[in-house]
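The structure under discussion appears below in the form of structure tokens.
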Amino acid sequence: MVTEVEISPREAEVLELVGAHLSNAEIAARLCISVRTVESHVSSLLRKLEVPDRRALAQRAPQPAGTGPAQPAPVLPDPLTSFIGRVSERAVLSEKIKTYRQVTALGPGGVGKTRLALAVATQAAGDYGDGVWFVDLVPVTDPGMIATAVAGALGLGEPPGRDMTASVVAALADRHTLLILDNCEHVVDGVALFLERLLVACPRLTVLATSRTRLMVPFERVYPVPPLSLTVDGGSDAVALFMERAAAAGRPLDPPPLDQVVSICERLDGMALAIELAAARYPALGLDGIAAALSHPLRMLTGGSRADERHRSVRAALDWSHALLEPADRALLRRVSVFVAPFTSAAAAEVTGSEEGLVADGLARLTEQSLLTVTASPGGTEYRALETIRQYGMERLAEAGELVDARSRHLRWCLTRAAGLEAVQADWRARFDLVADDLRAALAWAADLPEQRADAYQLARHLAELTFTRNLVGESQRHYEQAAALATDPTATASLLRQASAVAGCRTIGDDMYRLRRAAADAARAGGDTAGAASDLASAATIAFRFSPTFLRLPPREEALALIAEARESAGDDPAAQAAVALAEAAVVADAFGAAQGPPGNAVPETIARAERAVELARRTGDPLAESAALDALTGAQSWAGDTFAPATTARRRITILSSLPITPAGTHELIDALGIVAEADLGTGDVPGARRWARQLADHPSLAEAGDRATCRLLMVDALAGNVDEVLTGGVRFLDAWRRAGSSAWSLLRPAVAGVAMIHGLRGDQDARREWQEILDQLDTPPERAYGYGAVFDAILLLHRGQAPEALERMAPEPRQVWKWVTWIWHHWYVALRAEAAVLAGTPDARDRAAEARTIVAGNPVSAAIVERAEALLNGDQKALLATADAFDAAGCRYQSARTMVLAGGRHAERGAALLADLGLAPMAPAPAHHW
């Protein structure tokens, strides 16, 4: 009977999003909660719904997913097959995982390792505060994909700049978790390396592996899984299993003829799989028929160790069960063994080349004989062979001489599925995840076969595109490089390497961007495309300077200049090559991007001239990506000139150019960069609503789902300056969670956001929280010159809130032109305006002159101009003019500055301002100076 379980509304929301195949980070961003909270809900749902892994949990989600909270889902009435006995084995293995951090349940195929591990895990679930997670490694054909399989089970994505192993390590670093790695034998070496890194970094993690062979690592503790007990006195697990499965097959043994059942189980050495196969035949053959059928094959078992005999017992049972099948069902069993993941009857019909109706009937018969398992899923009924049976089927394929043909059919089926997935639809993720393991397995088989090279190339290219769309960017880059290696045309090779370089850009791995673009140049040159090679060499030089913060080994300026010189010689009169060279010269010679290895100073007129020339040449090529990159250089050049409005205009041009482009790695990389720049540029001009719109798009971009710190940093900066306290607190949770999971990187891009959050906590009066964020800012290793940009602005706002105008003025003591050029970027107007207000409130003799100068500088900026006008109104004792700035701040989207104005106005206005500050969640301002209005 189906029972109901209590699922909270939040768990129901999480379940619905798991069903949509979102990662934990994506769910956290969608629900505005931490990743750890999502992990806790998923772990709870696994226990409540009694399913072993995330895939099964996704199948329990409401279908179709609605827009509101999901309804509680019923528990499955029972497991598809019950777990029999193993009391002593469960006790021993449970004790081992309490004592040792890595235990391997060892035994031949069919002994029951997986079921025992799951039973132990279920029993031990309450002992692990952060859950029990099951990972089936059967579909993993590449040792490099082990971490991806584990990450998928844990609901992890790949944060930019880190590989999947690092993502798993970060997620489990402080978790008290039991991780089950099932079926390790075919990737033992990869598992060993993965576990060595994992267990060193995750002190509270326990790993239970199942394998036919030892992992051969120093920290391994082996538990040999014995066959089912055969002793009748006190009960026999083997007999109990036979009886239960025979009853499930439709013919209970009543009364049970124990002697005959014991004899059969003894012949099968107590091997669980062999017993299940025999019991499935009981309704048709009876005990006598089973005993007679087993006699002949078992007589062939002579010699060898007991473990070998057990293995051959399973083999004998498989041989016997296989021999009893009709020829068509035998053929079907061996041909569907090419699937490594659950498959439908339609898929089986395509791969076997048979009519679907006949295949469906055959799959049903194989299921009845326990040769396949069957589950219902939203996509239809799915079938799967246990790994032991699947391997047996593959052997039979080879014996029948059908292996190459079957695998080739499977490869073509995979190619068709991959091509059909290129159109992204609402259920795209679920459809991709359903076939992804088979696509990978087919590619692994075909990649090393010369006769399959063409199809392997196509599948690698498809997988590169598909995994990029699925945000598996590390895998995408590998497949682009794999496709490049499989391509027979150097032009195709160069194109694929450029795409791989763009994916590396999305991963913020500058070293790979640079390496792959230089490799593309080599490929283009090999194909006789000297102009293409020139473009690639120039682009590599640009990458070295434009994306210098993403490099581990930063190419020196001399190396970049040498690339430009080589590119210039090869460019000829090709427009694209000439445009690429012009951009490289703007980047490297004139330092338009302010690179780490750039010169300490640069001549602004030359920088602008070179950038403008790069823009014009790129525009002539008709390539929007080239034009966007050149406009980025112009944005930097204009900012160095101290022009706040021109960079914003240029940045918006980039967005216009990029907004209608299809999703590609290069387009995605360029758009993410452009969104960040335009958000900053608009904030610099005082267009707070515009800046927030762009920053919100960036925070919601699917490519940044796993990089919550990078996704939210611009939005936090904007919301902090606008005084959107609740949004800062919510976004701060996502930022901090992602930053810590990513290893607490010292990326310079994050510093203004951290300073902004620290300021908000200061305005709230929460000194402990402010101290925590200030410590993070210290970890980001902020250079002193940068501190006079965002640091001075955020500190000054807080000091002025506290009534410490002289301290605020001291914090902004340097003249803007004396400070490093980054101050002339988005912080220039904010710095000038706040400096003028601090001078007025501090009562300096030159306050009026400073305000007048500031008014000229910030003209056209609604927020900075209002700050200066407020300062002048205070200086002039003009309450009407002062209150007018409150309306200006409201219109500009700066609620905090509006409330501050009201407090400064005094009297009943101050009471209103104090109430507004309280509504924002901020502490009261220090008493305003007395004014005579």
Side-chain angles (χ1 to χ4, degrees), residues 50-52 56 75-96 105-125 134 180 182-183 208 210 223-283 287 290-291 294 310-311 313-314 317-318 321 367-375 384-389:
E50 299 179 357
V51 293
V75 168
L76 291 172
D78 284 300
L80 291 177
T81 56
S82 58
F83 185 77
I84 303 296
R86 297 279 198 187
V87 174
S88 62
E89 292 94 327
R90 277 186 283 177
V92 172
L93 190 52
S94 295
E95 191 60 34
K96 279 190 174 291
L106 191 70
V111 75
K113 301 183 296 296
T114 299
R115 293 299 301 272
L116 176 62
L118 283 171
V120 168
T122 300
Q123 183 176 302
F134 177 82
I180 301 171
D182 193 35
N183 292 296
L208 173 57
T210 75
Y223 174 68
V225 178
L228 294 168
S229 64
L230 295 166
T231 305
V232 177
D233 295 338
S236 163
D237 290 346
V239 170
L241 178 63
F242 186 97
M243 303 282 284
E244 196 277 346
R245 298 297 191 262
R251 187 177 171 186
L253 282 76
D254 189 20
L258 291 181
D259 290 345
Q260 286 182 279
V261 176
V262 169
S263 176
I264 290 171
C265 292
E266 286 176 343
R267 288 174 180 268
L268 296 172
D269 282 315
M271 298 295 284
L273 177 57
I275 291 169
E276 293 201 22
L277 292 173
R281 290 291 182 177
Y282 172 68
L287 295 179
I290 292 173
L294 287 175
R310 292 171 191 158
H311 179 75
S313 297
V314 173
L318 283 166
S321 187
T367 302
E368 290 170 0
Q369 304 308 321
S370 294
L371 292 165
L372 295 177
T373 60
V374 60
T375 56
R384 189 176 193 177
L386 295 176
E387 179 60 5
T388 301
I389 296 174

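Just so you know, these numbers use all the heavy atoms, side chains as well, and skip hydrogens, waters and symmetry mates.
The closest donor-acceptor contact from the side chain of S229 to the backbone of S236 lies at 3.5 Å or more, if one exists at all. Looking at S94, its side chain does come within 3.5 Å of a backbone N or O of R90 through a donor-acceptor pair. Side chain of T210 to backbone of N183: a donor-acceptor contact under 3.5 angstrom is found. The backbone N or O of D259 sits nowhere less than 3.5 Å from a side-chain atom of S263 that would complete a donor-acceptor pair. In this structure a side-chain-to-backbone donor-acceptor pair under 3.5 Å is missing from K113 to P224. Side-chain atoms of R245 never come within 3.5 Å of backbone atoms of I275 as a donor-acceptor pair (strictly under, hydrogens ignored).
The closest side-chain heavy-atom distance from L318 to L277 is below 4.5 Å. Two residues are said to be in side-chain contact when any heavy atoms from C-beta on lie closer than 4.5 Å; V120 and Y223 fail this criterion. Taking 4.5 Å as the limit, some side-chain heavy atom of S321 sits within range of a side-chain heavy atom of L371.
Nearest heavy-atom pair, L268 versus A274, reported as atom, atom and distance to 0.1 Å: CD1-O, 3.6 Å. Listed here is the closest heavy atom pair of C265 and A238: SG-O, 3.6 Å. What you find for T388 and G109 is that their closest heavy atoms are OG1-CA, 3.4 Å. The two residues A246 and A279 have their closest heavy-atom pair at N-CB, 3.8 Å.
The distance from atom OG1 of T114 to atom CD1 of I180, rounded to the nearest 0.5 Å, is 9.5 Å. The distance from atom CD of E276 to atom CE of M271, rounded to the nearest 0.5 Å, is 12.0 Å. Separation of atoms CZ (R384) and CD1 (I389) is listed at 12.0 Å; rounding is to 0.5 Å. To the nearest 0.5 Å, atoms CG (L93) and CD (Q123) are separated by 9.5 Å. We find the CG-CD distance between L287 and Q260 to be 5.0 Å, quoted to the nearest 0.5 Å. F134 contributes atom CZ, which lies 10.0 Å from atom CG of L208 (distance to the nearest 0.5 angstrom).
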- Task: Go through the steps for F242 and I290 under the test side chain to side chain contact (heavy atoms under 4.5 Å, CB included), then give the verdict.
- Result: CA-CA 12 Å; F242 186 97; I290 292 173; 4.0 Å; yes

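Judged as a salt bridge (Lys or Arg N to Asp or Glu O under 4.0 Å), and not counting sequence neighbours, the contacts of R86 are E89.
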